[in-house]
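Values reported hereafter were calculated over all heavy atoms of this structure, with side chains retained and with hydrogens, waters and symmetry mates removed. None of the values given here were measured: they were computed from a predicted structure. Convention: sequence-line order gives letters A, B, ...; per-chain numbering from 1.
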Amino acid sequence: MTPESLRQSLRTRLLAWYDQNARDLPWRVGPAARRDGMRADPYRVWLSEVMLQQTTVPHAAPYFLKFTQRWPTVFDLAREDDAEVMAAWAGLGYYARARNLLACARAVAGQHGGAFPDTEAGLRELPGLGPYTAAAVGAIALDLPTNVVDGNVERVMARLFAVETPLPDAKPALKALAGELVGEDRPGDWAQALMDLGATVCRPKAPLCDRCPLAAACAALAGGAPETYPRKAAKVARPHRNGVAYILTQGDQVALVRRPPKGLLGGMLALPTSDWRTNGWSDAEAMAAAPASADWRSVGEVDHVFTHFSLTLRLLRAEGEAEGMIWTQRSGLDALPSVFLKAARVGLANLL
DNA sequence: TATCCGTGGCC
DNA sequence: TGGCCAAGGAT
């Protein structure tokens with residue numbers, strides 16, 4: 001149990017640090033403006049939080065600017081076609097987020113008159129809002145004193161209190177520790193301060209403890225090896241798979257398919273492919289699995305790494321026709337997930 | 001509860 | 001270069 005004096009000290013020091021060191025982010029209302037009563041639009045907070053799930057700030061930021069320019073309100077997003085939103089999300093990864101984003105926008109626009117719920121429990125019921133995102137939107141947009149716990153906060157707590165239990169088993173304890181520090185004063189700034197500290201000072205590698213406002217209280221620093229926290233369970237090896245991707249062209253058009261709505265790259269445009277399996281593909285096998293009979297030529301291969309397996313894709317190219325294809329101009333290939341954009345670029349560049 | 005689900009930057 | 005890492009959620 002954290003003593004009240006320590007709790008107050010940690011809060012005061014971190015909020016003061018945030019006042020001086022808050023990052024300037026496109027979706028953020030800074031501490032000075034918040035003191036003047038300004039609050040971020042819940043739509044923008046929600047959109048940014050969903051984009052930032054398991055995603056770095058530099059990667060998400062351009063997408064946030066593109067989305068908010070094209071769809072300034074939740075109503076604009078809610079009435080957009082699925083294909084347009086999926087295409088705009090292409091390259092950001094974790095495409096279930098985009099499907100849930102639309103479902104959530106339509107729920108808010110249709111059932112709540114365009115206003116997001118004003119309680120954490122209400123937010124938690126929306127598609128794509130789990131414990132973290134519901135707490136974050138509640139704190140940042142509504143100033144609710146929620147317990148916002150992401151990977152940054154887990155790391156800060158693990159170090160501050162030298163938690164020896166490895167992740168992911170330590171998650172409940174780390175969340176409880178973070179919860180003891182939450183207070184009624186400046187909940188939105190508190191949540192963002194903790195995450196900024198984790199992102200810029202209490203970093204995974206090479207933490208900048210000499211710049212940390214909590215260093216005097218940090219048990220891991222006192223122990224001499226703060227960078228070794230949080231402890232982590234051993235990881236499982238990533239298997240490798242092999243497949244064939246087919247680049248079928250008619251002049252400047254390329255044949256694409258729409259992947260099934262769920263599962264890997266669900267709902268996204270894609271190149272037609274074979275199965276992805278452990279064994280490699282011979283020329284004969286690759287021809288037999290092709291979407292059309294044509295003069296297929298081998299035009300190279302690409303490697304790609306997904307979360308739970310790596311992939312080598314042989315590339316076969318031909319000019320011809322096939323049933324059920326979505327014919328797309330080369331300029332439209334930016335609607336493809338990265339793995340297929342990479343494959344298309346390599347395959348179209350390598351002329352035999 | 002464990003597994004599935006992307007991507008790009010970094011060292 | 002391969003493993004690590006990033007503001008997690010759904011099933």
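Taking the P atom of each, B:dG8 and C:dG9 are spaced 22 Å apart, rounded to whole Å.
No donor-acceptor contact under 3.5 angstrom links the side chains of A:R97 and A:Y95, judged on distance only. In this structure, a donor-acceptor pair under 3.5 Å is present between the side chains of A:Q53 and A:T133. Side-chain atoms of A:H240 and A:T278 form no donor-acceptor pair, as typed in the model, at a separation below 3.5 Å.
Within residues 41-53 of chain A, the residues that place at least one heavy atom under 4.0 Å from DNA chain C are, in residue-number order, A:E49, A:L52, A:Q53. Taking every heavy atom of residues 90-103 of chain A and every atom of DNA chain B, pairs under 4.0 Å involve A:G91, A:L92, A:G93, A:Y94, A:Y95, by number.
Under a cutoff of 6.0 Å and an axis angle of 45°, A:R186 and A:W17 do not form a cation-pi pair. No cation-pi contact links A:R317 to A:W296, judged by a cut-off of 6.0 Å to the six-membered ring centre and 45° from its axis.
Atom CD of A:Q8 has more than 12 neighbouring heavy atoms from other residues, nucleotides or ligands inside a 6.0 Å radius.
Put simply, the side chain of A:T55 and the base of B:dG6 share a donor and an acceptor less than 3.5 Å apart.
Nucleic acid contact for A:P58: none, since no nucleic acid atom lies under 4.0 Å from a heavy atom of the residue. If you check every strand for non-hydrogen atoms under 4.0 Å, A:K171 touches nothing. Nucleic acid contact class of A:L25 (heavy atoms, under 4.0 Å, all strands): base. Using a 4.0 Å heavy-atom criterion, one finds that A:R23 contacts the bases of the nucleic acid, with or without backbone contacts as well.
Considering only side-chain N and O atoms, A:H304 lies nowhere under 4.0 angstrom from the phosphate OP1 or OP2 of B:dG6. Dashed line: the shortest gap from a side-chain N or O of A:R155 to OP1 or OP2 of C:dC5 is not under 4.0 Å. Contact between the side-chain N/O atoms of A:H308 and the OP1/OP2 oxygens of B:dC4 is not found at any separation under 4.0 Å.
Distance from the side chain of A:L264 is smallest for B:dG6 among the nucleotides C:dA10, B:dG6, C:dG8.
When each of A:T56 and A:G128 is assigned the nucleotide of DNA chain C with its nearest heavy atom, A:T56 is the one assigned upstream, toward the 5' end.
Using cut-offs of 30° and 60° on the angle between ring planes, the pair A:Y43 and A:W46 is tilted.
Regarding A:L123, its CG atom lies at a distance of 17 Å from the P atom of C:dG8, rounded to whole Å. Whole-Å rounding puts the A:Y132 OH to C:dG9 C1' distance at 13 Å. Between A:F306 atom CZ and C:dG2 atom C1' the separation is 17 Å, expressed in whole Å. Straight-line distance from the NZ atom of A:K262 to the C1' atom of C:dT11: 9 Å, rounded to whole Å. If you measure from atom CG of A:L311 to atom C1' of B:dT7, you get 14 Å, rounded to the nearest angstrom.
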Is there a ring-ring contact (aromatic ring centres under 6.0 Å, His included) between A:Y63 and A:W89 once you walk through the steps? CA-CA 7 Å; A:Y63 286 85; A:W89 195 275; 7.2 Å; no
